[in-house]
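Atoms considered below: every heavy atom in the structure, side chains included; atoms not considered: hydrogens, waters and symmetry mates. Proteins get letters first, then strands, A, B, ... in listed order; numbering begins at 1 in each.
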Amino acid sequence: MLLRHTTKEVKEREGLTINPAKTCQPIGAMYAALGIHGCLPHSHGSQGCCSYHRSTLTRHYKEPVMAATSSFTEGASVFGGQANLLAAIDTIFSVYNPDIIAVHSTCLSETIGDDLQQITKKAKDDGKIPEGKHIIYASTPSFVGSHVTGYANMVAGMADQFAVSTDEKKNQINIIAGWMEPSDMREIKRLSTELGVKIVLFPDTSNVLDAPQTGKHEFYPKGGTTVEELKSTGDSIRSLALGCISAEPAAIALEKKCKVPFETLDMPIGISATDRFIMALSQAAGVTVPDDITADRGRLVDIIADMEQYLFGKKVALFGDPDQLIPLTEFLLDLNMKPVHIVSGTPGQRFEKRMKEILQRAPGANFKNGLGADMFLLHQWIKNEPVDLLIGNTYGKYIARDEDIPFIRYGFPILDRIGHSYFPSVGYTGGMRLVEKILGALMDRQDRDALEEKFELVM
Amino acid sequence: MLLRHTTKEVKEREGLTINPAKTCQPIGAMYAALGIHGCLPHSHGSQGCCSYHRSTLTRHYKEPVMAATSSFTEGASVFGGQANLLAAIDTIFSVYNPDIIAVHSTCLSETIGDDLQQITKKAKDDGKIPEGKHIIYASTPSFVGSHVTGYANMVAGMADQFAVSTDEKKNQINIIAGWMEPSDMREIKRLSTELGVKIVLFPDTSNVLDAPQTGKHEFYPKGGTTVEELKSTGDSIRSLALGCISAEPAAIALEKKCKVPFETLDMPIGISATDRFIMALSQAAGVTVPDDITADRGRLVDIIADMEQYLFGKKVALFGDPDQLIPLTEFLLDLNMKPVHIVSGTPGQRFEKRMKEILQRAPGANFKNGLGADMFLLHQWIKNEPVDLLIGNTYGKYIARDEDIPFIRYGFPILDRIGHSYFPSVGYTGGMRLVEKILGALMDRQDRDALEEKFELVM
Amino acid sequence: MQSYKNLPDPSLVREDLIQKYPTKVAKKRNKSIVINDPETIPEVQANVRTVPGIITQRGCCYAGCKGVVLGPTRDIVNIVHGPIGCSFYAWLTRRNQTRPETPEAENYITYCFSTDMQEENVVFGGEKKLKQAIQEAYDLFHPKAIAIFSTCPVGLIGDDVHAASKEMRDKFGDCNVFGFSCEGYRGVSQSAGHHIANNGVFKHMVGRNNAVKEGKFKLNLLGEYNIGGDAFEIERIFERTGITLVASFSGNSTVGQIENAHTADLNVILCHRSINYMGEMMETKYGIPWMKVNFVGAESTAKSLRKIAEYFGDEELKARVEAVIAEEMPKVKAVIDEIRPRTEGKTAMLFVGGSRAHHYQDLFSELGMTTVAAGYEFAHRDDYEGRHVLPGIKIDADSKNIEELKVTADPELYNPRKSEAELEALKEKGLEINGYEGMMKQMLKKTLVVDDVSHYESERLIEIYKPDIFCAGIKEKYVVQKMGVPLKQLHSYDYGGPYTGFEGAQNFYRDIDRMVNNPVWKLIKAPWQKAENGSSTALEASYVTH
Amino acid sequence: MQSYKNLPDPSLVREDLIQKYPTKVAKKRNKSIVINDPETIPEVQANVRTVPGIITQRGCCYAGCKGVVLGPTRDIVNIVHGPIGCSFYAWLTRRNQTRPETPEAENYITYCFSTDMQEENVVFGGEKKLKQAIQEAYDLFHPKAIAIFSTCPVGLIGDDVHAASKEMRDKFGDCNVFGFSCEGYRGVSQSAGHHIANNGVFKHMVGRNNAVKEGKFKLNLLGEYNIGGDAFEIERIFERTGITLVASFSGNSTVGQIENAHTADLNVILCHRSINYMGEMMETKYGIPWMKVNFVGAESTAKSLRKIAEYFGDEELKARVEAVIAEEMPKVKAVIDEIRPRTEGKTAMLFVGGSRAHHYQDLFSELGMTTVAAGYEFAHRDDYEGRHVLPGIKIDADSKNIEELKVTADPELYNPRKSEAELEALKEKGLEINGYEGMMKQMLKKTLVVDDVSHYESERLIEIYKPDIFCAGIKEKYVVQKMGVPLKQLHSYDYGGPYTGFEGAQNFYRDIDRMVNNPVWKLIKAPWQKAENGSSTALEASYVTH
């Protein structure tokens with residue numbers, strides 16, 4: 001057993017987190033910043049943070065992940081990191097020449113009290129930001145929230161620090177992407193194009209973290225939301241925030257700064273959440289839904305109807321991030337499956353409330369998030385009530401192997417398989433992919449365990 | 001063991017086929033005919049044929065498959081089936097009102113010598129074909145070739161019996177789809193649109209055999225090549241036949257009848273064959289390849305480069321149909337894998353020649369097609385030289401389980417999983433899907449078999 | 001029982017169903033679409049040719065012979081003589097489960113054997129290739145038996161599979177080789193193949209081994225093909241009650257069992273259509289009475305067990321049967337109690353096979369569901385109306401070429417298990433000895449009975465009746481489901497089962513509950529479509545009010 | 001050996017590398033980019049701060065302490081005191097393999113423990129939560145040892161992890177609890193963490209168990225972390241040669257081993273950078289000499305084994321070592337013979353770690369490949385230039401706060417294993433007793449040595465040299481590969497390995513062959529791009545002609 005010390009008996013823990021179902025803010029900020037075109041994320045803290053975040057994002061995407069660091073040493077930790085950041089800005093514009101530097105803080109710089117707003121202002125005042133270049137920042141203390149919070153904060157920073165409200169409204173909708181894959185962002189754009197709606201999607205990591213092999217390393221790949229687009233978000237008709245935890249703060253920031261009204265939606269994963277997204281987008285833009293989208297939806301329903309017997313009543317354990325877990329849980333219920341154990345290390349009352357609403361359809365399901373909601377607990381729950389399927393990031397493979405549970409990799413990080421960055425899981429097409437994966441996992445298990453006389457040719 | 005009587009020792013067989021890697025012509029004709037809009041396939045033979053073909057196609061697609069039969073009884077078998085076919089035509093136009101009836105023969109009607117050309121002519125002469133309606137036919141004796149031959153014959157029939165050459169050339173390219181999935185045909189159309197090339201694709205089963213759930217059964221779903229389009233193929237600039245076995249005969253027919261020059265390509269599966277397809281299509285139409293296609297290609301190369309270590313040297317056994325096996329084998333070689341055993345029940349010198357060319361890169365590989373090339377032989381070869389991966393239709397699951405080989409369902413029929421009809425395996429996107437599947441199968445096996453101390457988090 | 005007062009006027013429905021047909025076709029179909037009256041059962045036109053061009057559920061003679069009857073016996077090498085397709089399509093798709101005695105014991109169920117006939121064989125004759133194939137099969141596997149199945153071209157070109165089989169059988173000495181002239185064009189449906197298969201099995205297998213098996217209450221199970229493990233459940237129940245199964249025709253069976261079948265004292269018939277010939281012939285030759293039973297439905301299972309016990313007339317057996325029923329029924333009841341509130345009042349249609357369309361009505365009835373229309377795919381009039389109509393059935397041209405074996409009492413082995421008087425007494429007690437009442441007797445008045453239903457008719461029936469579930473086969477499944485109505489496959493059970501006996505009944509209840517109450521049907525309309533339509537989903541509208 | 005006459009002019013390269021930097025940065029980097037001369041080794045500026053804003057390979061002190069040195073010991077519960085990220089990122093990503101004695105034996109390698117520090121802990125102090133966490137870990141697992149690792153905020157807010165550890169250790173009695181002040185900001189790289197880890201392990205673990213293990217030739221393996229099973233291969237070889245491994249620091253190790261390490265008679269050091277402190281301290285306190293060895297490369301493995309045998313001075317051991325080498329080398333040779341024709345003349349660059357960038361050059365050399373540029377991520381001058389420069393190294397502000405333990409001879413346990421004279425004699429025989437010659441001695445003249453290479457510099461180096469393979473870590477991998485050059489990870493081995501010893505060498509040869517000759521690199525250009533460019537692929541152009 002790989003996790004041989006995990007006990008079936010659940011003891012309350014207050015101090016010790018074991019096998020977390022989250023990581024800390026800065027990596028989310030780094031990921032979000034990569035979704036701005038020509039942007040270099042910058043980690044204001046010790047070198048290790050930047051190295052760890054780049055490594056994890058690299059392992060997840062198998063792509064270059066560029067980011068700089070303030071390389072704090074003990075001196076900076078004592079005297080403050082302003083000198084380091086100012087020096088870094090110089091170096092970065094000289095050597096790496098980004099359009100934008102997106103600085104996020106760390107537990108180190110937050111603990112010593114560095115004020116990024118003040119330091120970046122000073123950098124601007126001191127003329128360290130070349131003409132036409134930009135610096136933005138987000139406060140992302142590692143000891144608050146989770147990686148999802150960091151993403152949300154950086155995206156809110158983009159909105160707040162770039163959006164401008166002019167007198168001319170633009171006939172466009174802002175779509176604020178919650179933490180999703182480049183493939184998902186690409187699919188959101190495809191769906192919007194099919195609907196005939198002009199959108200500004202931000203952040204947008206497609207064509208950044210799924211860059212082609214060309215024989216040349218593009219330090220700033222062609223993707224990412226442009227500064228022009230970000231500026232224009234202040235003039236949009238409306239914002240749709242896809243995710244109450246990871247996207248809504250940016251929508252609020254835009255409403256505050258530029259009076260752009262917003263609507264927060266669940267991330268469009270599965271059939272019901274995608275329905276709401278398509279409805280909201282088509283209504284916001286005043287367009288009708290084209291037949292091709294309705295047909296894609298119909299294909300997803302068709303698969304579910306055809307294969308319902310393999311899905312019915314199957315127990316599922318899930319772990320991951322709020323804005324994925326909410327619609328994914330709902331989708332499992334639409335599939336007539338049974339989500340029974342759910343954890344997320346990310347705190348959030350909005351999250352809890354939404355999950356409780358959805359879990360009314362799943363009486364008795366275990367759900368915990370925030371402090372103490374770790375994979376050790378999830379594993380213990382599974383030992384007490386076994387499941388037919390486990391869905392979560394790569395770290396789930398240890399539980400899956402020990403407990404012999406079919407396992408679908410979903411969420412962040414996925415370190416041992418490819419596909420997530422290339423094939424969407426949002427929208428109806430994404431739903432089809434998810435159903436294909438779920439069916440594959442369940443049916444492979446049925447085939448594996450079938451008695452010889454019960455081994456089925458047709459399924 | 002499910003196939004406990006399969007011996008390791010290979011004995012030459014001349015009379016007995018065991019576990020065939022093919023089926024007979026009519027099902028191919030039926031499938032092809034479903035790719036014409038408003039067409040009802042008709043099986044001229046005994047009821048069982050039609051029932052079996054409809055059942056198999058239905059199991060493969062989990063979709064309605066409509067087709068009629070001449071319902072031969074002993075009388076028809078003795079006196080000829082003309083009366084049955086003429087009666088059937090009456091019934092069909094009255095009750096099911098298709099735009100087209102596509103008749104194919106069977107071993108029964110071929111053995112008794114029914115002449116479909118003559119009978120359909122008689123039906124026309126007798127005024128049994130309503131105004132604006134059509135009847136086409138293909139001779140598809142079950143004792144010649146295989147299901148692939150039947151497909152090719154029906155597609156050639158479409159070309160021959162619909163195409164008209166007027167004086168005005170149309171600025172369009174015919175793409176003759178070899179036997180591929182609706183998803184593949186959809187992808188061919190998408191790629192052509194992206195290239196900006198006007199094409200006529202035939203047959204086209206997309207939106208026919210992947211129809212959405214709408215609450216209504218559309219007897220003639222909205223997909224399929226229209227009669228107008230088929231007629232216009234005679235005026236196209238050029239034909240590209242995707243598959244030397246399943247598509248080329250139609251191209252030859254078009255050249256013969258309407259002087260449309262043609263080029264035969266491998267089906268665009270994998271990187272090299274897709275390269276050739278894109279090149280041929282762009283050159284035929286005189287367009288340049290847009291960056292998005294080049295980027296998709298680059299993403300496929302990127303995945304291969306990133307994951308090459310898991311692919312390298314892995315031995316693969318394959319079985320299936322010629323036009324898939326040719327490019328798939330080439331793709332495996334591009335992936336640095338080792339195709340070692342390949343069988344196809346379908347005969348064909350073009351096929352053998354092309355395979356031999358490709359297998360120059362795989363010295364020592366076993367390859368056999370046509371008579372005696374069955375799954376029993378493949379299984380015996382595997383017993384003699386085990387493989388890391390088996391690729392083929394659903395019937396491969398028995399070998400995979402007995403020999404404990406990772407198994408990828410590919411080809412026809414797939415009776416126990418979904419996905420093939422919704423997600424393409426042609427084009428670069430299709431290549432990504434294939435690579436994802438191959439990697440998934442190999443890596444799942446590595447994870448399963450790893451010693452605990454060698455169990456990898458990052459891969 | 002469900003009232004049927006809300007059913008549409010069946011004569012209007014019938015008119016609707018046939019109005020689109022050409023006149024001759026309409027006239028013909030009109031005779032196969034019948035308004036039921038269980039009191040005065042009307043005549044149903046059945047076992048007649050399907051009109052060419054009609055989209056039918058039916059298959060062919062070969063399918064009935066090889067696919068249905070012979071396929072399930074695991075230790076016969078079944079070689080299909082013909083082009084590759086016929087063998088390919090019958091390869092594993094019927095999911096006849098079988099459980100060899102040991103991991104080494106013979107099992108060819110997973111294999112597909114064919115002569116893969118080529119054009120030259122059609123032109124110059126295929127017997128040589130056939131004999132070569134038989135030889136190769138013998139050399140590779142040394143099976144107990146090899147059966148040869150003729151496909152369409154074989155009969156037409158005149159290959160003599162019987163002569164070839166005999167030649168090889170004589171040559172081998174230790175392998176029983178025999179052939180079937182079951183070309184696809186024979187008869188009008190699979191039914192011809194059943195008959196041909198019965199004949200062949202009776203001629204070539206039954207009676208070859210006279211060893212008498214241990215056991216007081218020995219019977220054969222006829223017409224149970226072990227789809228989804230149905231036979232396993234019946235075997236389980238027999239074992240519990242102390243009934244000895246000599247041979248099964250043919251689910252989970254072996255050559256050895258069938259060769260020994262004539263030593264049993266009773267034949268119980270499940271699927272009357274496919275196997276009644278065998279019951280008749282064994283009675284004539286060996287004196288074994290046959291009795292119609294039904295293990296589909298928990299109540300029917302209990303009833304059938306009681307009948308068997310009654311037949312044997314043994315008090316201990318009767319007591320054991322009652323004990324088993326008393327133990328099994330509460331579990332069944334518990335499931336019904338849980339599920340029935342969700343199924344009560346719903347409606348079903350069954351169009352399938354030659355027996356299932358009848359017996360599955362019992363299971364629906366146990367769930368409080370009404371069968372509003374039903375019909376067989378390949379049955380004869382007796383399956384609808386009861387065996388009393390047999391003398392009146394006219395054999396038409398399509399069926400008259402199918403051999404009727406001339407069977408006489410075996411000079412040595414004939415031994416009537418019961419006297420005429422005993423049999424009469426048993427019949428009086430309600431045992432269907434050598435008899436079958438048919439489907440219609442059980443159906444409600446004014447329900448529809450449709451033989452060989454066509455695609456067109458079934459779509460109309462669904463549009464008119466909007467049943468909660470439709471039972472048929474794979475070809476119909478997705479058509480019906482595209483209309484928003486779940487379809488339960490009763491050939492393959494949708495790869496579920498078993499559905500026989502007590503445990504099977506529970507499986508069926510659960511599956512039907514899942515299907516008729518599946519939330520997926522509520523997902524069909526997109527919200528923008530609902531908004532357009534003003535109603536939540538088109539499916540919720542219902543013609544039949546419950 | 002490969003001629004290097006085709007290498008570009010290194011001083012021009014250096015100029016190119018720094019020209020884009022701001023002046024001060026350029027000046028600084030200039031000192032870390034050195035043109036090698038193995039005869040008169042030039043000084044390399046190393047172990048200095050990375051310029052802020054530079055994209056560096058480096059990590060932090062915590063990574064060196066927890067990730068590298070303490071992580072691999074399987075039966076310590078390693079609790080990271082701080083926000084969740086630090087613990088999360090060190091969770092299983094270093095793939096230190098470990099093989100518990102039994103399926104039940106303790107193994108916490110697969111677990112990740114953290115106090116998940118929250119804002120209130122930062123504001124009000126985190127010691128209470130830390131002690132609670134230690135208590136919970138103890139209650140759940142009853143481990144032999146619990147180690148606490150401080151992350152950045154811990155030092156700043158003044159949590160005393162040492163006091164907390166002591167308190168809990170005293171409370172438990174049967175569990176060794178100790179802490180490390182390895183906050184990320186300490187030092188300039190992981191290197192500080194190694195030192196801190198060495199100190200802690202030496203203080204809290206080594207010497208706690210004086211039981212003397214069986215075995216004539218007992219040694220400790222220092223600086224081998226069992227990435228990819230490297231230690232398993234070395235263990236295999238030791239076992240074959242009759243050498244007894246007392247403790248490994250720290251691949252595949254246990255608390256028990258380390259507590260007993262001082263009973264060995266020799267320390268062999270693999271990764272000089274991360275563990276030389278331990279060698280030094282153990283020599284001072286216990287009298288155990290240390291010797292630099294290298295098990296990366298088949299020849300080096302043979303050489304190192306011979307040195308160990310020489311150290312012990314036992315003829316039987318020498319004979320066994322020779323016998324093992326004689327048995328293992330032909331297998332190695334066979335692989336080289338097969339592969340070398342495909343690798344000969346190719347070039348490599350290595351920028352990684354504190355030891356691997358040196359020793360992997362041996363493996364490349366065995367394949368006929370030349371290392372044209374190399375450098376360490378976190379090494380000191382002695383790792384480049386050799387330990388003779390140690391006295392001259394100036395300790396800068398960033399490093400001077402890292403504790404240097406004052407170690408003296410143990411009054412009871414000090415026991416010099418070899419006399420001064422014996423050690424001198426061994427050194428004369430070429431044994432690197434208490435010494436290390438560094439990387440540069442081994443590299444060719446005019447090759448480039450670059451300390452703490454930046455992203456920018458590595459891209460330029462690739463553009464200029466177009467090496468056939470580049471060795472670094474995960475952050476660099478896809479950048480380099482996007483340029484069409486395969487990158488071999490030498491931290492994680494790309495999840496391959498082992499690469500040590502004889503079998504590891506063969507693994508490495510095969511992996512390198514696969515990478516440098518992979519057909520995928522020929523697929524990069526689409527045919528329409530080739531047509532445009534007029535050349536088949538841009539990659540085939542090469543600056544360095546072979």
Side-chain angles (χ1 to χ4, degrees), chain B residues 1-5 7 11 13-20 22-24 26 45-49 51-52 54-56 58-59 62-64 66 68 70-77 84-85 87-92 94-95 107-108 111-112 141-144 213-217 345 371 398, chain C residues 20-22 25 49-56 58-60 62-63 82-85 88-89 107-108 110-119 121-122 129-130 132-133 135-137 140-141 152-153 156-157 184-186 188 397-398 401 456 459 474-475 478-479 482-484 524-525 538-539:
Chain B
M1 301 288 269
L2 291 156
L3 298 168
R4 59 185 68 176
H5 301 291
T7 53
K11 281 189 199 169
R13 282 174 282 127
E14 283 172 13
L16 190 66
T17 290
I18 313 177
N19 300 354
K22 66 169 176 185
T23 180
C24 62
S46 152
Q47 267 161 203
C49 309
S51 177
Y52 278 135
R54 288 180 64 206
S55 295
T56 301
T58 301
R59 291 184 180 116
K62 314 222 179 291
E63 283 295 313
M66 290 294 139
S70 292
S71 286
F72 274 48
T73 53
E74 197 148 1
S77 306
N84 287 51
L85 184 47
I89 291 167
D90 269 350
T91 313
I92 289 169
S94 306
V95 184
C107 53
L108 173 51
T111 303
I112 63 178
S142 313
F143 42 73
V144 173
Q213 170 62 273
T214 60
K216 184 166 185 306
H217 172 235
L371 225 55
Y398 290 77
Chain C
K20 221 179 177 184
Y21 289 123
V25 180
R49 286 186 201 179
T50 302
V51 175
I54 281 286
I55 299 181
T56 172
R58 284 179 169 173
C60 64
Y62 159 81
I84 196 68
F88 180 84
Y89 295 117
N107 181 9
Y108 303 104
T110 47
Y111 289 87
C112 170
F113 303 98
S114 170
T115 56
D116 193 3
M117 192 175 250
Q118 299 295 299
E119 189 155 28
N121 310 125
V122 173
K129 190 169 194 190
L130 170 61
Q132 176 71 18
Q135 183 69 51
E136 286 167 5
L140 270 168
F141 308 114
C152 292
L156 299 175
I157 64 174
Y185 55 74
R186 296 198 190 271
V188 301
D398 295 312
N401 290 330
Y456 174 73
E459 282 217 11
I474 185 67
K475 298 193 295 294
Y478 304 104
V479 177
K482 275 280 192 290
M483 302 172 82
I524 291 178
K525 292 292 161 197
L539 282 174

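Interface summary for chain B: among C:Val122, C:Thr115, C:Ile157, the most heavy-atom pairs under 4.5 angstrom belong to C:Val122. The residue among C:Met117, C:Glu459, C:Gln132, C:Gln118 with the most heavy atom pairs within less than 4.5 Å of chain B is C:Gln118. Ranked by heavy-atom pairs under 4.5 Å with chain C, the list B:Leu371, B:Thr73, B:Leu108, B:Thr111 is led by B:Thr73. Between chain B and the options C:Asn121, C:Val25, C:Leu140, the largest number of non-hydrogen pairs under 4.5 Å is found for C:Leu140. Note on B:Ala87, B:Pro20, B:Gly345: by heavy-atom pairs under 4.5 Å with chain C, the leading option is B:Pro20. Ranked by heavy-atom pairs shorter than 4.5 Å toward chain C, the options B:Ile92, B:Thr214, B:Ile18, B:Ile112 are led by B:Ile18. Most heavy-atom pairs under 4.5 Å with chain B, from the set C:Pro52, C:Gly82, C:Ala137: that is C:Pro52. Considering only heavy-atom pairs separated by less than 4.5 Å from chain B, the leading option among C:Gly85, C:Cys112, C:Pro22 is C:Cys112. Options C:Phe113, C:Tyr478, C:Tyr108, C:Tyr456 differ in how many heavy-atom pairs under 4.5 Å they form with chain B, and the most are formed by C:Tyr478. Counting heavy-atom pairs closer than 4.5 Å to chain C, the top-ranked of the candidates B:Cys24, B:Ala76, B:Gly45 is B:Cys24.
Using a 4.5 Å cut-off between heavy atoms, B:Lys62 contacts chain C through both its backbone and its side chain. When heavy atoms are compared at a cutoff of 4.5 Å, B:Pro141 does not approach chain C at all. Residue contact with chain C, scored on non-hydrogen atoms closer than 4.5 Å, involves the side chain of B:Thr7 exclusively. Contacts between C:Val479 and chain B at a heavy-atom distance below 4.5 Å involve backbone atoms as well as side-chain atoms. Both the backbone and the side chain of B:Tyr52 come within contact range of chain C, with heavy atoms under 4.5 Å apart. When heavy atoms are compared at a cutoff of 4.5 Å, C:Asp116 approaches chain B by way of both its backbone and its side chain. Only the side chain of B:Thr56 comes within contact range of chain C, with heavy atoms under 4.5 Å apart. The part of C:Phe141 that comes within reach of chain B is its side chain, from C-beta onward, which places non-hydrogen atoms under 4.5 angstrom from that chain. In this structure, chain B has heavy atoms under 4.5 Å from both the backbone and the side chain of C:Ala63.
Here the side chain of B:Ser46 pairs a donor or acceptor atom with the backbone of C:Gly184 at under 3.5 angstrom. The backbone N or O of B:Thr17 sits nowhere less than 3.5 Å from a side-chain atom of C:Ser114 that would complete a donor-acceptor pair. Put simply, the side chain of C:Tyr111 never gets that close to the backbone of B:Asn19: no donor and acceptor are under 3.5 Å apart.
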**Request:** In sequence, state the C-alpha distance, the side-chain angles, and the governing distance for C:Ile54 and B:Ser71, and then conclude on side-chain contact (heavy atoms from CB on, under 4.5 Å).
**Result:** CA-CA 9 Å; C:Ile54 281 286; B:Ser71 286; over 6 Å; no
**Prompt:** So C:Tyr89 and B:Thr23, side chain to side chain donor-acceptor pair (under 3.5 Å) or not? Walk me through it.
**Reply:** CA-CA 8 Å; C:Tyr89 295 117; B:Thr23 180; 3.1 Å; yes
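In this model, no donor atom of one side chain and acceptor atom of the other lie less than 3.5 Å apart for B:Gln47 and C:Thr56.
Of the inter-residue distances, the one linking C:Asn107 atom CG with B:Leu2 atom CG reads 8.5 Å to the nearest 0.5 angstrom. Remark: C:Ile474 CD1 to B:Arg54 CZ distance equals 10.5 Å, nearest 0.5 Å. Taking NZ of C:Lys482 as the reference point, atom CD of B:Gln213 lies at 6.0 Å (rounded to 0.5 Å). The OH atom of C:Tyr62 lies 11.0 Å from the SG atom of B:Cys49; values are rounded to the nearest 0.5 Å.
Residue B:Glu14 forms a side-chain contact (heavy atoms from CB on, under 4.5 Å) with just one option from C:Gln135, C:Glu136, C:Lys129, and that option is C:Glu136.
In this structure, the side-chain hydrogen bond (donor to acceptor under 3.5 Å, both in side chains) partners of C:Lys475, at least two apart in sequence or on a different chain, are B:Ser51. Listed by chain and number, the residues in a salt bridge (charged side-chain N to carboxylate O under 4.0 Å, His left out) with C:Arg49 are C:Asp398 (sequence neighbours excluded).
Closest of all the heavy-atom pairs between C:Cys152 and B:Cys107 is CB-SG, 4.5 Å.
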